[in-house]
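Note that the numbering runs from 1 along the sequence shown for the chain.
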Amino acid sequence: MANETNVIANTCSFAGVRPIMVDLPYPEIQVREKNLIYANLLSADYCGSVSEMSAITQYINNENRMSCEKCPLAKTIIGIAMAEMIHLQKLGELIFLLGGSVSFTAVYPNGRKKQWTPEYLSIPENVKHMILADIEAEKAAINQYNMHIKMINDDYINAVLLRIIKDEEYHIMILQTLLQEMP
């Protein structure tokens with residue numbers, strides 16, 4: 001007699017999922033001159049507690065926990081994560097052009113360095129609370145980008161940050177819509 005085993009499979013396919021972002025081009029990635037202070041500020045956006053690295057990881061974790069039971073929602077979350085990956089890539093380019101180090105270590109104005117850690121993430125179990133945590137993370141990112149724009153005197157960098165903010169605002173709108181559609 002053949003040995004039968006139970007198979008559990010995730011039938012949620014992510015084929016064709018695209019980044020969820022505003023339909024506007026990004027400015028050319030360039031800087032006026034090398035500037036380690038600016039590079040360090042952007043390192044916090046890259047991999048600090050409020051960062052694209054944190055956003056990507058939080059969205060991917062949420063998507064993984066949703067995909068078997070809530071496929072349409074999981075597809076939206078992975079699309080947002082893909083947009084955050086583009087943000088991470090743009091920030092990495094800027095940091096490199098500014099003469100900084102593209103790594104998983106944020107350098108803060110006081111000179112303190114902190115390596116990225118999953119301790120930065122908010123990982124609630126309930127789907128509604130996941131979305132609420134994602135909205136709060138997007139709002140915190142927008143606030144941090146606005147603060148950095150005030151500190152950076154380089155219109156090329158600030159144009160990229162302003163473009164990223166447009167995506168973050170769009171993500172908030174989508175996440176709020178998802179919340180309203182929940183039972």
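Going from atom SG of Cys71 over to atom CD1 of Ile78 covers 11.0 Å, rounded to the nearest 0.5 Å. Interatomic distance, Asn158 CG to Ile165 CD1, rounded to the nearest 0.5 Å: 9.0 Å. In this structure, CZ in Arg65 is found 10.0 Å from CG in Asn126, a value given to the nearest 0.5 Å. Separation of atoms CG (Asn40) and CG (Asn35) is listed at 9.0 Å; rounding is to 0.5 Å. Separating the NZ atom in Lys70 from the OG1 atom in Thr76 is a distance of 13.0 Å, to the nearest 0.5 Å. For the atom pair CD1 (Ile95) and CG (Leu88), the distance works out to 8.0 Å, reported to the nearest 0.5 Å.
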- Task: Could you go through the side-chain contact (heavy atoms from CB on, under 4.5 Å) check for Ile157 and Gln30 one step at a time?
- Result: CA-CA 7 Å; Ile157 298 169; Gln30 57 188 338; over 6 Å; no
- So Glu69 and Val127, side-chain contact (heavy atoms from CB on, under 4.5 Å) or not? Walk me through it. CA-CA 11 Å; Glu69 297 174 1; Val127 172; over 6 Å; no
- Task: Any chance you could lay out the side-chain contact (heavy atoms from CB on, under 4.5 Å) test for Met85 and Ile60, step after step, and finish with the verdict?
- Result: CA-CA 11 Å; Met85 290 176 203; Ile60 295 294; 4.2 Å; yes
- Message: The test is side-chain contact (heavy atoms from CB on, under 4.5 Å); show your working for Leu121 and Asn61 and say whether it passes.
- Response: CA-CA 10 Å; Leu121 307 179; Asn61 185 275; 5.6 Å; no
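Here the closest non-hydrogen pair linking Ala44 and Ser51 is O-CB, 3.3 Å. In terms of heavy atoms, Gly100 sits closest to Ala39 at CA-CB, 3.7 Å.
Taking hydrophobic clusters as Ile, Leu, Val, Met, Phe, Trp and Tyr residues chained together by side-chain heavy-atom distances below 4.5 Å, Met21 shares a cluster with Ile77. Under the 4.5 Å side-chain heavy-atom criterion for grouping Ile, Leu, Val, Met, Phe, Trp and Tyr, Leu36 is not connected to Tyr46 through any hydrophobic cluster.
At least one side-chain heavy atom of Phe14 sits under 4.5 Å from a side-chain heavy atom of Glu63. Put simply, the side chain of Leu161 reaches to within 4.5 Å of the side chain of Leu91, judged on heavy atoms. Within the 4.5 Å cutoff, no side-chain heavy atoms of Tyr156 are placed close to those of Val31. Glu84 places none of its side-chain heavy atoms less than 4.5 Å from the side chain of Met53. For the pair Met82 and Ile20, the minimum side-chain heavy-atom distance is 4.5 Å or more. The closest side-chain heavy-atom distance from Leu42 to Leu98 is below 4.5 Å.
Of the possible donor and acceptor atoms, none in the side chain of Lys90 sits under 3.5 Å from a partner among the backbone N and O of Tyr26.
Within 6.0 Å of the CZ atom in Arg112, the count of heavy atoms belonging to other residues, nucleotides or ligands exceeds 12. Residue Phe96 qualifies as open at atom CZ: its count of foreign heavy atoms under 6.0 Å is 12 or below. Summarising the local packing, CG of Asn153 is surrounded by 12 or fewer heavy atoms from other residues, nucleotides or ligands at distances under 6.0 Å. Counting heavy-atom neighbours within 6.0 Å of Asp23 CG, excluding the residue itself, gives a total of 12 or less. Other residues, nucleotides and ligands place more than 12 heavy atoms under 6.0 Å from the CD1 atom of Ile123.
Applying the side chain to side chain donor-acceptor pair (under 3.5 Å) test to pairs two or more places apart or on separate chains, those with a residue in residues 114-123 are Ser54-Trp116.
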Only distances under 3.5 Å count here; give the side-chain donor-acceptor pairs of residues 130-149 to other protein atoms, sequence neighbours excluded, each with its distance to 0.1 Å.
unit_1	atom_1	unit_2	atom_2	d
Asp134	OD1	Gln58	NE2	2.8
Asp134	OD1	Asn62	ND2	3.2
Asp134	OD2	Asn62	ND2	3.2
Glu138	OE2	Tyr59	OH	2.5
Glu138	OE2	His171	ND1	3.2
Asn143	ND2	Lys139	O	3.4
Gln144	NE2	Asp45	OD1	2.7
Gln144	NE2	Val50	O	2.9
Tyr145	OH	Glu52	OE2	2.5
Asn146	ND2	Ile142	O	3.3
His148	ND1	Asp45	OD1	3.1
His148	ND1	Asp45	OD2	2.8

Determine all donor-acceptor pairs shorter than 3.5 Å in which one atom belongs to a side chain in residues 173-183; sequence neighbours excluded.
unit_1	atom_1	unit_2	atom_2	d
Thr177	OG1	Met173	O	2.9

